[in-house]
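If you're wondering where the values come from, they're calculated on a predicted model, not measured in any experiment. All values below were derived from every heavy atom in this structure, side-chain atoms included, with hydrogens, water molecules and symmetry-related copies excluded. In listed order, ligands and their atoms are each counted from 1.
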Amino acid sequence: MKKITKAVIPAAGFGTRFLPFTKAMPKEMLPIVDIPTIEYIVREAMESGITQFLIIINEGKECIKSHFGESKALEKFLQEKNKTEELKIIHELPEKIHLEYVYQHQQLGLGHAVLCAKDFVQGEAFALLLGDDVYVGKDKPATLQLAEAYEKTGCSVLGTLEVPNCDVSKYGICEPEEQSEGALVKLKRVVEKPRLEEAPSNLAIGGRYILTPAIFKYLETQTRGAGGEIQLTDSILRLMQEESVYSLAIEGRRYDIGSKKGFLEATVDFALKREDLHDAMEEILRKYTK
Ligand code: UTP
């Protein structure tokens, strides 16, 4: 089985849950301490063996390009001031990786955003990492866990997490085949944002996927679904008529940065894990939670 080397990162949505910040700034640029969310995601892909990256943006999100690109003026300034540490920080990613970009001109939904990656993917299986979901994998990065499951099965694999009943209607939900056990299971059905009474399980698709290129055939003809959007989950359901699709329970922690609570939790947790900020964050928490 050929290894997964391409990653698609959709980051073209309007981010309405994070207004007013997202009026002029992409939520994918929200900093978790001092690193933009999307950089954590690109690094996860790098650490999972990805060598080709595509970020899907829109006309208001050019600062994502700037973040990963060169900055001559800043470089000159840092050189003149002999700030070698800072120079290292801004050089690291542009030297290591080359990112490509494609524009989604109309925000018609995640399925439509993924369709914009068709030319980049060129008939290969690829990793899909949503631009506002950050993972801290337990022993391995989330995308690597999925890529290994793909190598075992040769099929699309959806990364899942268990969500409480109150949250099932916010996610794509998986129905595993009867008598399936373990973390990697074959799926019978997927449904986008079901009502709790109709949800087949609590296994939610959590922003990480490996998809085979057959998905594009279905995305091209996909009609609007939940919320009037072109839903990726609906195309995955149709793909299941042709190929097996699996889900894998991702080992690790996930932060939904597109939600205010997820953003706050990530900020606290990442700061607590940093040597230079651990004590300061503890002090802040003590002070405000007395
Ligand atoms: P979300 O559903 O979380 O993003 O999509 P949203 O629509 O931007 O946000 P809310 O729900 O209104 O707050 C998950 C990922 O897919 C991208 C988003 O940028 C996000 O990273 N996306 C979504 C697109 O690229 N295009 C779309 O049309 C929709």
Side-chain angles (χ1 to χ4, degrees), residues 7-32 36-45 53-65 67-68 99-118 120-121 126-135 142-143 158-161 163 167-173 190-194 204-209 211 215-216 219-220 222-236 254-264 266:
V8 173
I9 305 175
F14 278 131
T16 56
R17 285 172 296 155
F18 226 113
L19 280 166
F21 175 81
T22 42
K23 195 170 167 220
M25 287 292 291
K27 65 176 165 181
E28 294 80 5
M29 286 299 288
L30 278 164
I32 306 175
T37 294
I38 195 154
E39 185 175 321
Y40 286 99
I41 293 164
V42 167
R43 285 180 185 274
E44 177 194 320
F53 305 80
L54 178 78
I55 303 185
I56 299 162
I57 58 171
N58 67 40
E59 286 75 6
K61 299 211 179 190
E62 247 88 34
C63 61
I64 294 179
K65 272 180 154 178
H67 176 70
F68 290 109
L99 294 158
E100 291 176 48
Y101 298 89
V102 70
Y103 286 82
Q104 183 194 23
H105 298 291
Q106 268 185 300
Q107 278 46 62
L108 299 180
L110 178 60
H112 180 258
V114 176
L115 182 57
C116 298
K118 190 180 171 204
F120 166 82
V121 165
F126 62 100
L128 176 68
L129 298 85
L130 301 195
D132 57 350
D133 276 316
V134 169
Y135 274 89
T143 296
L158 319 179
T160 56
L161 57 138
V163 295
D167 283 344
V168 290
S169 61
K170 296 179 188 160
Y171 290 89
I173 300 289
V190 282
V191 51
E192 184 63 31
K193 298 190 175 64
I205 307 171
R208 295 291 184 272
Y209 311 67
L211 294 170
I215 193 69
F216 290 106
L219 288 172
E220 269 164 356
Q222 189 59 57
T223 51
R224 291 172 191 248
E229 294 186 359
I230 296 178
Q231 297 288 357
L232 176 62
T233 309
D234 295 343
S235 287
I236 294 174
R254 168 196 179 250
Y255 306 87
D256 174 10
I257 307 300
S259 78
K260 287 164 196 171
K261 189 178 169 205
F263 167 70
L264 291 172

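Listed by chain and residue number, the protein contacts of ligand 1 are P10, A11, A12, G13, F14, G15, T16, R17, K27, E28, Q104, Q107, L108, G109, L110, A113, L130, G131, D132 (heavy atom within 4.0 angstrom).
Checking each of T37, V134, I38 against L30 for a side-chain contact (heavy atoms from CB on, under 4.5 Å) leaves exactly one that passes, namely T37.
Using cut-offs of 30° and 60° for the angle between ring planes, the F21 and F18 rings count as perpendicular.
A donor-acceptor contact closer than 3.5 angstrom links the side chains of H112 and Q104. Looking only at atom types and distance, the side chain of E59 has a donor-acceptor partner in the side chain of H105 under 3.5 Å away.
Qualifying side-chain contact (heavy atoms from CB on, under 4.5 Å) partners for R224, counting only residues two or more places apart in sequence or in other chains: L108, I230.
Inter-residue side-chain proximity for L211 and I236 is flagged as met; some heavy-atom pair is nearer than 4.5 Å.
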